[in-house]
Amino acid sequence: MTINSAPDQALVHAALEQVWGSMLFEAADPWPADVPAEFETGLQAHIEIRGGWNGRLLLTCDSAVAAQIAAALLGMGPDEPVDEPDVHDAVGEVLNVVGGSVKGAIGGSMTLGLPGVRASASPPPSEESLVVSWRGAPVYVQIVPDALAG
């Protein structure tokens, strides 16, 4: 499907569902609206999309959630420790594949940057994010056009 416009939450959610199902064997169910979506410290992955639409996608989650995502991606057991570089690589790769799906759906001549991952002290505002559930914890995905990126 090609949309030739800015990505919206429905498109990003569809990409996230596809990637999580195929890579992590989990569903990307919407976070319940009546449950506060909070965490203490976490990670934020980011990736730029350039072309007919310019901006970035951000994926923010709790550090423990990031480690669970990495373990799932790497096929590790629940009690196996995951090194921090592997956690960063895995969360970045998940967003990279989601970004690739979004880029492909936008259509036209588009480029996808390399993912980056950094520490995050707090979650982004829920009203500015697509919030999905990962094993009972929130994961935030934001679509940030260049006019708002900073």
Task: Shortest non-hydrogen separation from Ala72 to Arg135 and the atoms involved - done: CB-NH2, 4.1 Å
- [ ] Give, for atom NZ of Lys103 and atom OG of Ser109, the distance between the pair rounded to the nearest 0.5 Å.
- [x] 8.5 Å
TODO: May I ask whether Leu57 and Val131 are part of the same hydrophobic cluster, defined by side-chain heavy atoms of I, L, V, M, F, W, Y residues being less than 4.5 angstrom apart, directly or through others?
DONE: no
Open item on the list: Do Val98 and Trp31 sit in one hydrophobic cluster, given that two such residues count as connected whenever their side-chain heavy atoms are within less than 4.5 Å of each other, even indirectly?
Closed with: no
TODO: Nearest 0.5 Å please: distance from the CG atom of Leu59 over to the CG atom of Leu43.
DONE: 9.5 Å
Open item on the list: Looking at every heavy atom in both His13 and Ala28, which two are closest together, and how far apart are they?
Closed with: NE2-O, 2.6 Å
Task: Separation between CG of Leu74 and CG of Leu24, rounded to the nearest 0.5 Å - done: 10.0 Å
TODO: Tell me whether Val102 is reachable from Met23 by hopping between hydrophobic residues (I, L, V, M, F, W, Y) whose side-chain heavy atoms are closer than 4.5 Å.
DONE: yes
Task: Exam field: side chain His46 to backbone Leu95, donor-acceptor pair closer than 3.5 Å - done: no
TODO: Report the distance from atom CZ of Arg118 to atom NE2 of His88, rounding to the nearest 0.5 Å.
DONE: 12.0 Å
TODO: Grab the two heavy atoms, one from Asp146 and one from Gly55, that are nearest each other, plus how far apart they are.
DONE: OD1-CA, 3.6 Å
Task: Side-chain heavy-atom pair Ile49, Thr111 within 4.5 angstrom cut-off - done: no
TODO: State, to 0.1 Å, how close Ala137 and Val65 come at their nearest heavy-atom pair, and which atoms those are.
DONE: CB-CG2, 3.4 Å
Open item on the list: Membership question, hydrophobic clusters at under 4.5 Å side-chain separation (ILVMFWY): are Tyr140 and Leu11 in the same one?
Closed with: no
Task: CD1 on Ile47 to CD on Glu93, rounded to 0.5 Å - done: 8.5 Å
Task: Minimal non-hydrogen separation, Met110 against Gly51, with atom names - done: SD-CA, 3.6 Å
Open item on the list: side-chain contact (heavy atoms from CB on, under 4.5 Å), that's the test. Do Thr60 and Phe39 meet it? Break it down for me.
Closed with: CA-CA 10 Å; Thr60 309; Phe39 65 80; 3.6 Å; yes
TODO: List the steps and the verdict of side-chain contact (heavy atoms from CB on, under 4.5 Å) for Trp53 and Ile143.
DONE: CA-CA 11 Å; Trp53 178 82; Ile143 305 162; 3.8 Å; yes
Open item on the list: Could you measure the distance from the CD atom of Gln44 to the OG atom of Ser122? Nearest 0.5 Å is fine.
Closed with: 9.5 Å
- [ ] For Asp8 and Ala10, indicate whether the former's side chain and the latter's backbone hold a donor-acceptor pair under 3.5 Å.
- [x] yes
- [ ] Consider only side-chain heavy atoms of I, L, V, M, F, W and Y, link residues closer than 4.5 Å, and tell whether Val19 and Val141 are in one cluster.
- [x] yes
Open item on the list: Show the nearest heavy-atom pair for residues Val12 and Pro7, with the distance to one decimal.
Closed with: CG2-CB, 4.4 Å
